[in-house]
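Data block below; observations after.
Since we're looking at a predicted model, the values are computed, not measured.
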Amino acid sequence: MSSRYNHKIVEKKWQNFWSDKKTFYSKIDKSKKKFYVLEMFPYPSGKIHMGHVRNYTLGDVISRYKIMKGYNVLHPMGWDAFGLPAENAALNEKRNPKDWTYKNIKTMKSQLLKMGLSLDWTKEVTTCHPDYYKHEQKFFIDMFKSGLAYKKEAEVNWDPIDKTVLANEQVIDGRGWRSGALVEKKKLSQWFLKISKYSEELLEDLNKLKDWPNKVKIMQSNWIGKSVGAEIEFNISNQNKKIKVFSTRPDTIFGATFIAISIDHKLSKELLIKNRDLSVFISKCEKQDSDKVKIGFNTGLQVDHPLIKNKKIPVFVANFILSEYGLGAVFGCPAHDQRDLDFAKQYNLEIIPVVKPHNFNDSEFKVNDKAYVEDGVLINSEFLNGLKIKEAKDKIISYLEKCKIGSKKTNYKLRDWGISRQRFWGCPIPIIYREDGEVLTVDEKDLPVKLPEIENFNKNSITLDNVSGWKDTICKNTGMKARRETDTFDTFFESSWYYFRYCSARSNKPFEQEDINYWLPVDQYIGGIEHAILHLLYSRFFTKALRDLGYFKINEPFKGLFTQGMVTHQTFKNNKDEWIEPNEVERIGSRYIDKKNNDVKVGKIEKMSKSKKNVVDPNDIIEKYGADTARWFMLSDSPPERDLEWTETGIISSYKFINKVWDFVNLYNSYNILEINKDEKIINDLKLKINQVADNIEKFQFNKSVAKIYEYVNLLNESILKKTLSKESFKWSLEKLSQILQPFTPHLSEELWEALGNKNACIKETWPEQNINELEVNYNIAIQINGKTRDILVTKELFEKEIVVELASNKDKIKRYIEDKKIIKIIYVPGKILNLVI
RNA sequence: GGGAGUAUGGCGGAACUGGUAGACGCGCCGGAUUCAAAAUCCGGUCACUUAGGUGGUGUGGGUUCGAUUCCCUCUACUCCUACCA
C-alpha cells in the first residue's frame, strides 16, 4: 500500500469503479422510500465554473447521505442546451450551433465526471435533441387546442441594420449589440401561454411549499401581485359613454378629482383620430419610457362623479398609467396616493383629504407634499364619514354594487408568458399558416418539427425565418401552400419540464405514468436564487397545466427547494485601472504587487466573473488538489445559503485536511497499543460526533457537519498521541470516519475504507447512526451568581435541584461568593445552569 | 417609493426553545523537527487587568435571575422589485 495519497490515481480509480459497477443507476423499487435530489441543470456554455461545483457538491452530499440512509435515490443530470450563446458562437466561429453545443456538453460532462458525483448518467437529457423537444411540441399543441396557448401582438426589440429581433440581453444601452444601431420597438404577433389563468392557484399553493425558503415564496407572491379592490364606472358628461376604472382604494372615491387613462386605452385611441395634439403627446410618451416625470394631456372631457351630485371631474391621458394592468384607467385621489398627488400639483387639480389620522381634528388635517396612505378615519365622505378604511371599503363596495355602478374585483400583476423568440437555436413552434389564413397545428405523426441542418453561418444574424426554404410547406389535407411558424420557444420552455423527463428519459412517451407516480415530486431541488421567480414559477405553472391536460396528477413539482449563495473572489486592479487576474498578484506583507512590481489595488469581493477577471477555473483546482479537496472547501466554513469566498489559503488547508486523514492509515499500520481499558470515553465521544454530523446534514448546515468531522478527527488524533486508544478501536474509528466522510469526500472515503481491509464499497454501507440512549453525555452546568457564570459543575447524570445546589455550594469558588450572604432565589435549568441570586 | 435580509475576534463563521459567547477552520505568535528551507507535528491566540476580576455580539434603551437570541429606537450594508392604482 502506498503511504502517500495520490489524488489523481485514487479519484480516477473510484470514478471508474462507480461507473463500472453502475453504483448510481436508479430503478423503481417500491420496497424502498424514494428520494429525488436534483440540481438545476447547466447551460453548456463551454466549461463548468465554481458555481456549478458548489451546486453539484451540495446536491451530492444529500444524494450520498440519503443512499446510506437506505433511500432509493434518483440523482440525474442533463443539459439546458438551447439558447443564445450557441447562436453567438455560430456567428463568431462560423459553425453550426449544434456542433458547438455538443462539443461543450462533452467537455463539461468529462469535468463533472471528475468531480465524483453520484449521478445516474443513464437518464441524461439534452434539450436540443429532437427526442426531447418533440414532446414539448406536443404539449404546445395540446395547450393550443385547450386555449392555454394563444397569439397576440407584443413589442419586440428591433435592430434596423441587422434586420433582426434582439433579445433583451442583446440590447446594450439602447443599441444593438452587433450593429450598434438604435433599437426600435416593433409590434409582432407572438405566442403566449395563459399562466394568468393559474394566478390564484400559483399563489395559494405557495402555502403548501413548507420546505421552500420564505424569501422565494415572498418573491413569487409579489410577482403574482394579487390585489383586491373595485371596478367603478364613471359616466362621461353629456355623452352616452362610460369609463371603467380599477382601484384598491374605493374608500377614497369622495376624494377623486380626476380620471387618468393610459395612452393606448380604447378612449385614447378614439380621441387620437380627431386630436393632433394628443397624437403629439402620445408619441412623446412613447419615446421617454423610462422617465419618471409624470405628464398628462387634458382631453377636455369630463365625467360625472358617481356619488356627488353635479360634481364633474376632468379626464387626462397620462404617461404613468399602465395599459396592461387593471383596466388601464384610474380615478385620481391626490390626497391619498403619492403618484396622484404629484400629478395633481403639476396640473393644479383639487386635493381633497378623505382620510385623516386618528389623532387629528377634521379641520386641522391637510395634505401638502406627502399623500396620506396610513390607516385612519374617513372624512368629507358623506355616509362613509367616521369609518375606518377597512369598514369604508366594505361599505362603499356594497353600495356601488347596489347602485350597479361598480363591483368588487381582484387583480393580479402576473401577465401571460410570452414564449415566442425570433431565433434559430430553439425549439420550433409546431404551427403552420395556410395560405387561406387558417392557423393549424402540425399533425402529431409529423412531429418533431426539426431544426434545419445548415452549415453556412456567414450572416449577421441567424433566425429560422431567414433559413431559405425551411418555412415553406404544404397542408397535407388540402394540398394548399402553407408557411411554418418561424418563432422558437423561449428556453424556459425546456427547463419547465426536464425534471419529469429525467425519470423516463429514454421513453417514446414524454414520461411513463409509473415513473412519475414513483419519483415525483422532486424532494430536494437545489439552485441559484436568480431563478426564484421565472424558472420556478414557469415550472410550477407547467406542472399544473400538464396536470389539467391529463398527463398526470401532480400539483407541485418541487417539494423542497434550497437556494445556494454565490461563489465570490477578491478583485484586483492594476495602476491603469484594469482588472487583473488573482494569479498575477503577489502579496508581500500588507502590499500587493503585480508581476512588474507595480502596486495593485485591492477591490471588492465580488461574484466570480470573466469581466472582473476574478475567476478560478475548477479544472485547474481539481487537477492540482483533487475533487475531494475542492468539495471539502466548498462545504467548509460558509453556510450553503450564503456567499462563499474563494481563497487560496482555504483550498490549501482543505488539501492538508485530506492528506492528514490519509496519514491515519500510516499511523494505524505502525500502531501497536493493544489494551482496551481506556477506550470507553473516547469511543463514546466519537459516537456523539457521528450523530452531530448527520443532524447538521439534515438541516442543510454542511459547514457545521464539517466542523464536527474536524472535531472527530481532533479527538481521534489526541487519543492516538496519548495512546489511550487500542488498535482495534483505532480501526473502528477510521471505519466510521470513512463512512461519515462519504457524502463529503467520497474518493478519500472509499480509499480509506478499502485500506482498512473492507471488500465492499463504503457507499453501500449504512449510515453509522448511533443510539443516543446508549451514549453517555456529560452535563456541564454553569454555576452562576446573580446571572454571572462563576464556575462549571460537571456531572454524569441529571441530578435534582437540591443535589446540584449542594454540590455547587461546596465548591471553594462558590463558597467565597456566598459566604454569609443569603440566597434569595435559586434558578435551575437541568443540565444547563444553576443561578444563585444573593 | 415598496418588500426581504444581514450586522459576533485580524478573517470565514459557531452558540438548541432566552441559559458557559467566540465551537470549527483560516491567519498570527511561540516551540519541536531540519545543515537549511518547505512540509509536518506540539502549544497559545477577544480586549483590558492590580491575576482576583472587569468589559465585550453595529447604536441607544426596555423586559428578565439571566439577552448574540425577545421588544422598541437609530445606523450601516446587501438583495429583490419598481408608476401594478
- Message: Does the structure show a Watson-Crick or G-U wobble partner for B/G43, both distances under 3.5 Å? Name it, or say none.
- Response: B/C29
- Query: Does B/G9 adopt a syn or an anti glycosidic conformation, taking syn as a chi angle within 90° of 0?
  - Reply: syn
- Separation between the C1' atoms of B/U54 and B/U49, rounded to whole Å: 8 Å
- Task: Determine the interatomic distance between P on B/G58 and the same-named atom on B/C71; round to the nearest Å.
- Result: 15 Å
- Query: What's the closest nucleotide to the A/Tyr325 side chain, out of B/A85, B/U40, B/C65?
  - Reply: B/A85
- A/His336 NE2 to B/G1 C1', straight-line distance once rounded to whole Å: 18 Å
- Message: Return whichever of A/Ile218 or A/Tyr412 has its heavy-atom-nearest nucleotide of RNA chain B closer to the 5' end.
- Response: A/Ile218
- Task: If B/C48 has a Watson-Crick or G-U wobble mate with both distances under 3.5 Å, name it; if not, just say none.
- Result: B/G53
- Message: With a cut-off of less than 4.0 Å, is there a side-chain N or O of A/Lys660 near OP1 or OP2 of B/U40?
- Response: no
- Quick one: on RNA chain B, does A/Met219 or A/Arg249 contact a more 5' nucleotide (nearest heavy atom)? A/Met219
- Task: Check if the side chain of A/Lys215 and the base of B/C79 share a donor-acceptor pair of N or O atoms closer than 3.5 Å.
- Result: no
- So among A/Phe657, A/Phe702, A/Tyr625, A/Tyr655, which one has a ring-ring contact (aromatic ring centres under 6.0 Å, His included) with A/Trp632? A/Phe657
- Closest of B/C83, B/C26, B/C65 to the A/Lys825 side chain is B/C65
- Query: Can any side-chain N or O of A/Arg54 pair as donor or acceptor with the backbone N or O of A/Gly565 at less than 3.5 Å?
  - Reply: yes
- Note on the structure: Separation between OG1 (A/Thr629) and CD1 (A/Ile652), nearest 0.5 Å, reads 11.0 Å
- Task: Using a cut-off of strictly less than 4.0 Å, decide whether A/Ser227 has a side-chain nitrogen or oxygen near OP1 or OP2 of B/A85.
- Result: yes
- Task: Can you check each nucleotide of nucleotides 12-25 of chain B against protein heavy atoms at under 4.0 Å and return B for base, S for sugar-phosphate only, - for none, in 5' to 3' order?
- Result: BSSS---BB--BSB
- Query: OP1 or OP2 of B/G66 less than 4.0 angstrom from a side-chain nitrogen or oxygen of A/Arg790, does that happen here?
  - Reply: no
